[in-house]
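What follows is a single structure, written as structure tokens, with notes after it.
Convention: sequence-line order gives letters A, B, ...; per-chain numbering from 1.
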Amino acid sequence: MKVYNTLSRSIEEFTTLEPGKVSMYVCGPTVYAKAHIGHAMSALVFDIIRRYFEFKGFDVRHVMNFTDVDDKIILRANEKGMDPFALGEMYIREFEEHLKAFNILPATVNPRATREMDQIITMISGLIEKGFAYPVDGDVYFRVTRDSAYGKLSGRRIDDMQSGYRIEVDERKEHPMDFALWKAAKPGEPAWDSPWGKGRPGWHIECSAMNLNHLGEQIDIHGGGNDLIFPHHENEIAQSESFTGKQFARYWIHNGMLQLSGEKMSKSIGNLVTIEEFLANHPADTLRMLVLNSGYRNPLSYSDDILAQAERAIDRLRSGLKPALPGASGISPEGEKVLANQAAATEQGFIRSMDDDFNTSGALAALFELVRVINQARADGATDEQLSTAQLLLRKLAGVLGLTLEKAEVSDHSVDSFVDLLIEIRKDLRANKLWQLSDKVRDRLAELGVVLEDSLEGTSWHWK
RNA sequence: GGCGACGUGGCCAAGAGGCUAAGGCAAGGGUCUGCAAAACCCUGAUCAUGGGUUCAAAUCCCAUCGUCGCCUCCA
């Protein structure tokens with residue numbers, strides 16, 4: 001397998017620390033507001049990666065954190081007159097529901113910053129002891145000049161960065177780029193006891209501590225959105241490697257940003273679609289298809305047009321799973337062979353694409369080719385028996401991508417018999433060539449969301 | 001100002017030195033059908049622009065134009 005590593009900015013052969021096992025840490029959201037579909041995109045990307053590793057036989061330990069203490073959470077909680085912990089809890093619950101709706105496999109562990117205070121404090125103390133950090137008035141800062149490798153992930157040099165250009169520099173810091181590991185508490189803020197007085201962790205340290213606690217000193221993969229490369233992931237590397245003296249993550253994988261009207265979807269710009277809004281208007285698989293259709297590292301633009309394309313593409317995949325035509329009499333052994341050959345070619349093509357830095361777009365192409373050949377065979381009269389192996393493969397490989405190909409479940413079957421009755425009456429109308437009336441039945445049913453499909457053997461129907 | 005990514009048919013999007021430039025959506029034509037729908041068949045791009053390297057470039061190099069991301073919280 002080959003994987004693009006942000007650290008080297010190149011495609012590398014993928015190997016694991018331990019044979020057959022993958023440890024993967026993915027940055028989850030800071031829970032201070034409703035999650036938007038950019039968050040969902042990131043979760044989808046790493047869900048697909050994780051599913052593929054499991055398909056390849058790896059035992060995956062997947063950690064996704066929730067950062068549930070931070071300035072913005074406190075700010076929002078104060079605005080809403082809520083307890084900051086309750087606010088975080090609320091958004092965590094909501095996000096977990098969303099993950100389920102998107103068919104995203106639950107991570108092995110979902111640690112939270114507030115539940116790892118001991119590890120965080122231990123780590124900060126260690127960094128101070130080793131000279132990588134220093135306390136000032138109850139704050140603790142990381143000393144970037146002490147870390148010669150600082151900047152290796154984002155490709156920046158400390159001197160090149162114009163810190164203070166857009167934000168005022170805290171004069172107490174030794175260097176403008178030094179960042180907070182611990183922040184002294186202001187009155188009324190949530191705070192924990194520490195050797196430096198009451199306070200709370202800075203933004204980056206919690207991920208380093210949770211990595212250490214749940215995956216160990218070294219991990220295979222660290223992932224997240226590419227907007228986290230700097231400063232978040234750069235700082236995580238600095239903290240973790242300074243603390244352990246070992247290489248931290250071997251592969252850094254970053255997904256591209258979701259864009260709305262040509263700009264990154266983000267809370268600060270306000271051009272966002274919340275997951276809630278999305279799910280109210282679209283099947284969850286639509287977003288997954290959007291993600292699958294393009295490279296995970298590229299920016300992904302979001303529009304109604306593209307959404308509609310994705311929905312049609314899913315319909316196309318589903319068409320491969322339709323049963324044999326009524327009265328199918330079977331296809332020749334040669335026809336069976338064509339089907340079997342395509343199934344083999346599709347499986348190979350799927351694996352070849354996915355092995356190449358998770359080329360989901362190529363993997364989908366392999367699936368669509370299988371769909372076409374299945375549909376050809378069906379049109380030629382293949383029986384369910386003859387279609388079954390290829391269809392099973394289609395279902396299985398779609399499943400590796402996290403697509404269920406199930407139609408949104410219509411739970412109410414109480415109208416089925418009425419539709420059947422109308423079809424029966426329409427059959428009589430057609431037998432008597434009363435086309436206007438029979439077309440009226442079909443059109444009116446279509447308006448109600450029931451699509452009729454006539455064939456030589458009879459009429460079938462499905463919900464639109 | 002610094003760092004980085006990208007620009008492939010109407011739309012989305014693979015491909016990263018050399019077989020006919022994948023696949024999906026849309027469109028047009030055809031088969032089937034009473035008409036539809038579904039399915040099947042057929043049809044289209046020389047790869048932002050200009051140079052260069054090479055026997056050979058969408059793929060490498062340089063320049064230009066354009067779009068986007070990071071450098072401040074962000075998936």
Within this structure, what is the [atom1]-to-[atom2] distance between [X] and [N], rounded to whole angstrom?
| X | N | atom1 | atom2 | value |
| --- | --- | --- | --- | --- |
| A:Arg318 | B:C25 | CZ | P | 13 Å |
| A:Glu234 | B:G4 | CD | C1' | 13 Å |
| A:His233 | B:C71 | NE2 | P | 13 Å |
| A:Lys322 | B:C40 | NZ | C1' | 12 Å |
| A:Asn226 | B:C71 | CG | C1' | 13 Å |
| A:Asp356 | B:A22 | CG | C1' | 13 Å |
| A:Tyr296 | B:A5 | OH | P | 14 Å |
| A:Ile423 | B:A36 | CD1 | P | 20 Å |

By the 4.0 Å heavy-atom rule, please label [X] as base, sugar-phosphate, or nothing.
| X | value |
| --- | --- |
| A:Met289 | nothing |
| A:Asn375 | sugar-phosphate |
| A:Asn298 | sugar-phosphate |
| A:Gly295 | sugar-phosphate |
| A:Gly262 | sugar-phosphate |
| A:Gly38 | base |
| A:His254 | nothing |
| A:Leu317 | nothing |

Side chain of [X] - closest among [options]:
| X | options | result |
| --- | --- | --- |
| A:Ser42 | B:C40, B:A75, B:A13 | B:A75 |
| A:Thr30 | B:A39, B:G34, B:A75 | B:A75 |
| A:Ser294 | B:A13, B:A75, B:C71 | B:A13 |
| A:Arg316 | B:G24, B:A75, B:C35 | B:G24 |
| A:Asp227 | B:A36, B:A75, B:C12 | B:A75 |
| A:Met41 | B:C73, B:A75, B:G34 | B:A75 |
| A:Leu258 | B:C41, B:A22, B:A75 | B:A75 |
| A:Ala379 | B:C40, B:G34, B:C70 | B:C40 |
| A:Asn359 | B:C25, B:G34, B:A14 | B:A14 |
| A:Arg9 | B:G4, B:A39, B:G23 | B:G4 |

Between [N] and [M], how many Å separate the two [atom1] atoms, rounded to a whole number?
| N | M | atom1 | result |
| --- | --- | --- | --- |
| B:U49 | B:C12 | C1' | 24 Å |
| B:A45 | B:U20 | C1' | 14 Å |
| B:C6 | B:G44 | P | 30 Å |
| B:A57 | B:U8 | C1' | 14 Å |
| B:U46 | B:A16 | C1' | 16 Å |
| B:C47 | B:U43 | P | 22 Å |

Salt-bridged, [X] to [Y], with N to O below 4.0 Å?
| X | Y | answer |
| --- | --- | --- |
| A:Arg444 | A:Glu447 | yes |
| A:Asp315 | A:Arg312 | yes |
| A:Lys2 | A:Glu13 | yes |

Whether A:Trp252 and A:His233 hold their rings parallel, tilted or perpendicular, with breakpoints at 30° and 60°: tilted
Would you call the rings of A:Phe14 and A:Tyr251 parallel, tilted or perpendicular, where under 30° means parallel and over 60° means perpendicular? tilted
Under a 3.5 Å limit for both distances, which nucleotide forms a Watson-Crick or G-U wobble pair with [N], could you say?
| N | result |
| --- | --- |
| B:C60 | B:G52 |
| B:C47 | none |
| B:C70 | B:G2 |
| B:G17 | none |
| B:G7 | B:C65 |
| B:A39 | B:U31 |

Testing the 3.5 Å rule here: is there a donor-acceptor pair between the side chains of A:Tyr296 and A:Asp357? yes
Just checking, is any N or O donor in the side chain of A:His98 or A:His39 under 3.5 Å from an acceptor N or O on the other one? no
Look at the side chain of [X] and the base of [N], then say whether one donor and one acceptor between them are separated by less than 3.5 Å.
| X | N | result |
| --- | --- | --- |
| A:Ser361 | B:A22 | yes |
| A:Asn293 | B:G23 | yes |
| A:Asp454 | B:C35 | yes |
| A:Arg430 | B:G34 | yes |
| A:Arg372 | B:C40 | no |
| A:Arg297 | B:C6 | no |

Among A:Asn281, A:Leu307, A:Val291, side-chain contact (heavy atoms from CB on, under 4.5 Å) partner for A:Thr286: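 Single side-chain contact (heavy atoms from CB on, under 4.5 Å) partner of A:Thr286 among A:Asn281, A:Leu307, A:Val291: A:Leu307.
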Is it true that, when you exclude A:Lys152 itself, more than 12 heavy atoms of the residues, nucleotides or ligands shown sit nearer than 6.0 Å to its NZ? yes
Neighbour count >12 (heavy atoms, 6.0 Å) for atom CD, A:Glu79: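 Enclosed: over 12 neighbouring heavy atoms sit under 6.0 Å from CD of A:Glu79.
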Are A:Asp439 and A:Arg442 close enough, and set up right, to give a salt bridge (Lys or Arg N to Asp or Glu O under 4.0 Å), and what steps lead you there? CA-CA 5 Å; A:Asp439 288 352; A:Arg442 184 174 64 197; 3.4 Å; yes
If each of A:Arg378 and A:Tyr4 is mapped to the nucleotide of RNA chain B with the nearest heavy atom, which maps nearer the 5' terminus, i.e. the 5' end? A:Tyr4
RNA chain B: 5'-proximal contact among A:Ser319 and A:Met257 (nearest heavy atom):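 Its nearest nucleotide lies further toward 5', so the answer is A:Ser319.
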Heavy-atom donor-acceptor pair, A:Asn432 side chain to A:Leu434 backbone, under 3.5 Å: no
Just to be sure I understand the geometry, which residues of residues 302-311 of chain A put a non-hydrogen atom under 4.0 Å away from RNA chain B?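 The answer is A:Asp305, A:Ile306, A:Gln309.
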Would you tell me if any nitrogen or oxygen in the side chain of A:Lys264 comes within less than 4.0 Å of OP1 or OP2 on B:C70?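 Looking at the OP1 and OP2 atoms of B:C70, one of them is under 4.0 Å from a side-chain N or O of A:Lys264.
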Under 5.5 Å between ring centres and under 30° between planes: true for A:Phe368 and the base of B:G24?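 It does not: the two rings, one from A:Phe368 and one from B:G24, miss the stacking criterion.
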